[in-house]
Amino acid sequence: MEQFDYVVLGASHAGLEALRAIRAHDADGSIAVLDREARLPVSPTVLPYVVSGKCSEDRIALRERSWFDAQRVDYRQQAAAAALDTANARLRLADGREIGYGKLLLATGAAPALPPIEGLSDVRFHVLRTLDDALALRDVASKAGRSAGSAVVLGAGLVGMHAAENLVRAGARVTIVEMRGQVLPGYFDAAAAARIEAVFRDKGVEVLTSRRVKQVAARDEGCRVLLDGSEARDADLLLVAAGVRPEVSYLAGSGVSVERGIVVDEFMRTAADNVWAAGDVVQTPSFFGDGTPAGGILPDAVEQGRTAGMSMAGDPTLRPYPGGVSLNTYGFFGRRALSVGRDAPEQAGPEWDVLVRGGEGARGYLKLVLRDGRLQGIFGVDVLFDPGIMWELILRRVEIGAHLDALLENPQDTARALMSGLWR
């Protein structure tokens with residue numbers, strides 16, 4: 001059985017950042033990075049652009065193999081985990097091999113969630129989580145577009161909306177079905193979502209919100225999608241974009257605690273000795289302390305990976321992970337939408353302030369949410385601001401009440417000026 005000082009299971013953002021943090025403090029420890037994919041690691045965020053053809057699949061790798069070699073890391077592809085034995089500190093792979101570890105990071109990410117729809121497993125459908133998924137969807141979308149075919153997208157999150165746009169651009173007739181009351185739920189409020197939805201409708205997309213799919217059945221080379229209310233839509237292409245679930249199938253009986261994801265502490269340690277976890281596979285608290293588990297986003301995955309790697313290597317400059325703050329940038333049909341942080345609760349008390357710029361008919365929409373003079377969230381459609389700076393203002397709990405009017409009028413320059421003063 002091979003033995004390594006560190007084993008990193010997963011090679012996306014969290015795993016790669018953990019690897020960088022380990023090497024920054026421990027230049028000599030032996031490291032193995034195990035990647036279940038057959039291709040070099042890529043970011044899931046780039047996959048819609050592979051589908052659209054904006055990005056070439058041979059130019060999107062997060063790291064080339066030469067980078068792993070330079071870090072003196074044993075990087076292995078098609079190395080999927082099958083079981084974890086924490087009592088004996090060994091990992092069994094799907095091919096039967098076993099690898100021992102001194103310290104282990106679980107960064108296995110998430111897999112597409114498949115809703116319990118009758119007949120779904122009996123028809124051909126697509127998901128979008130890996131590069132192979134993107135290439136397959138690109139090919140079938142191109143064929144559907146050339147034949148003026150129809151497509152049904154289940155789910156109006158970022159993946160579903162990106163895919164719907166690409167299908168429209170390819171020439172397909174597209175229907176989006178979303179069981180919640182708006183598109184992009186969890187990312188934007190109803191007013192911002194309505195603006196985005198209106199753009200899609202103007203482009204010919206049929207958007208069905210507050211609707212559910214009851215059944216899917218094969219029809220010719222495609223399928224028929226039966227909705228509640230007995231309506232049906234025929235589809236040459238069916239895309240399931242109903243969210244993701246943590247990839248934890250290999251953890252049964254391991255002693256690693258799993259709820260909505262792997263449970264970790266503020267240093268990304270699991271309940272098992274010498275086992276850490278980071279990225280989409282974990283369940284972490286919200287930065288705001290409201291009891292809501294944070295969703296998986298790229299900046300959080302990077303921060304979690306850095307925290308885990310520093311903790312694994314014993315870096316004395318380690319600071320606890322502060323909790324998740326959502327950050328999303330979304331481009332659609334040449335427009336732009338941004339969301340950072342959280343919205344105000346429905347029953348907001350007097351300590352909350354919500355300001356909105358851009359009423360009906362205005363091109364741009366901006367919403368600021370504050371609590372006790374500190375930014376909690378900012379949401380915009382066709383309004384410029386730097387989401388990374390807003391993210392920092394939230395994390396640093398910066399008092400911005402005195403700058404509120406300026407921030408509402410010119411969020412980009414005002415936030416940059418505030419941040420510049422903090423960095424000096």
Side-chain angles (χ1 to χ4, degrees), residues 44-54 112 115 125-128 134 137-138 140-142 144-213 222 225 227-229 231-243 328-339 343 358-367 379-384:
T45 60
V46 80
L47 297 180
Y49 304 103
V50 174
V51 176
S52 69
K54 291 181 179 179
F125 64 89
H126 292 265
V127 294
L128 186 57
L137 184 57
R138 184 183 67 183
V140 73
S142 177
R146 288 197 300 270
S147 63
S150 59
V152 172
V153 177
L154 304 186
L158 288 174
V159 170
M161 298 294 279
H162 269 302
E165 177 182 353
N166 292 331
L167 290 164
V168 168
R169 291 185 182 277
R173 304 185 309 277
V174 180
T175 297
I176 299 172
V177 182
E178 168 57 49
M179 67 179 185
R180 294 175 67 176
Q182 65 172 71
V183 302
L184 299 168
Y187 300 98
F188 296 97
D189 67 356
R195 287 171 173 264
I196 297 168
E197 180 180 328
V199 174
F200 275 75
R201 291 185 182 277
D202 288 344
K203 298 295 183 180
V205 179
E206 182 183 33
V207 182
L208 304 177
T209 54
S210 299
R211 303 295 299 276
R212 292 180 178 271
V213 175
V225 178
L227 306 172
D228 51 5
E231 287 186 82
R233 298 293 185 274
D234 292 332
D236 300 301
L237 183 158
L238 176 63
L239 173 68
V240 178
N328 297 281
T329 63
Y330 173 49
F332 60 104
F333 294 110
R335 314 280 285 273
R336 193 182 191 208
L338 304 165
S339 70
D343 205 344
E360 187 174 349
R363 177 174 174 83
Y365 172 83
L366 180 67
K367 181 177 185 178
F379 311 88
V381 180
D382 296 322
V383 173
L384 286 177

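Everything quoted here is computed from the prediction, not taken from an experiment.
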The reported gap from CD in E197 to CG in L184 (rounded to nearest 0.5 angstrom) is 9.5 Å

Nearest 0.5 Å, what's the CG-CZ distance between L47 and R138?
-> 11.5 Å

R212 atom CZ: more than 12 heavy-atom contacts under 6.0 Å = no

Taking every non-hydrogen atom, the tightest pair across A141 and A170 | O-CB, 3.7 Å

Indicate the atoms forming the closest heavy-atom contact of G331 with H162, along with that distance.
-> O-CE1, 3.7 Å

With rounding to the nearest 0.5 Å, note down the distance linking CG in D343 to NZ in K367.
-> 3.5 Å

Using the benzene-type ring in the case of Trp, are the ring centres of Y187 and F379 under 6.0 Å apart?
-> no

Do L384 and R336 touch side chain to side chain, with heavy atoms closer than 4.5 Å?
-> yes

Sequence neighbours excluded, every pair satisfying salt bridge (Lys or Arg N to Asp or Glu O under 4.0 Å) that has a member inside residues 153-168 = E165-R169

Test side-chain contact (heavy atoms from CB on, under 4.5 Å) applied to T175 - qualifying residues, sequence neighbours left out | V152, V177, E206, L208, R233

Hey, are the side chains of Y365 and I196 touching, using non-hydrogen atoms and a 4.5 Å cut-off?
-> no

Looking only at atom types and distance, does a side-chain atom of R363 sit under 3.5 Å from a main-chain N or O of D382, one as donor and one as acceptor?
-> no

Stepwise side chain to side chain contact (heavy atoms under 4.5 Å, CB included) check, M161 with F332 = CA-CA 8 Å; M161 298 294 279; F332 60 104; over 6 Å; no

Given V153, L128, V240, T45, the one that forms side chain to side chain contact (heavy atoms under 4.5 Å, CB included) with V159 = L128

Of all the heavy-atom pairs spanning V381 and A192, show the shortest one and how long it is.
-> CG2-CB, 3.8 Å

Parallel, tilted or perpendicular: which describes the rings of F200 and F333, with under 30° parallel and over 60° perpendicular?
-> perpendicular

Is there a side-chain contact between V50 and L137 (heavy atoms, below 4.5 Å)?
-> no

Can you name the nearest heavy-atom pair linking V51 to A134, along with the distance?
-> CG2-O, 3.7 Å

Which heavy-atom pair separates I176 from A164 by the least distance, and what is that distance?
-> CD1-CB, 3.6 Å

G380 versus F188, closest heavy-atom pair with distance = O-CE2, 4.1 Å

Quick one: pull up CG in N166 and OG in S142 and give me the separation to the nearest 0.5 Å.
-> 11.5 Å

Would you mind reporting whether D228 and R211 have side-chain heavy atoms less than 4.5 Å apart?
-> yes

Spacing of N328 atom CG and L338 atom CG [to the nearest 0.5 Å] | 9.5 Å

Spatial distance of atom CD (E178) from atom OG1 (T209) [nearest 0.5 Å] | 8.0 Å

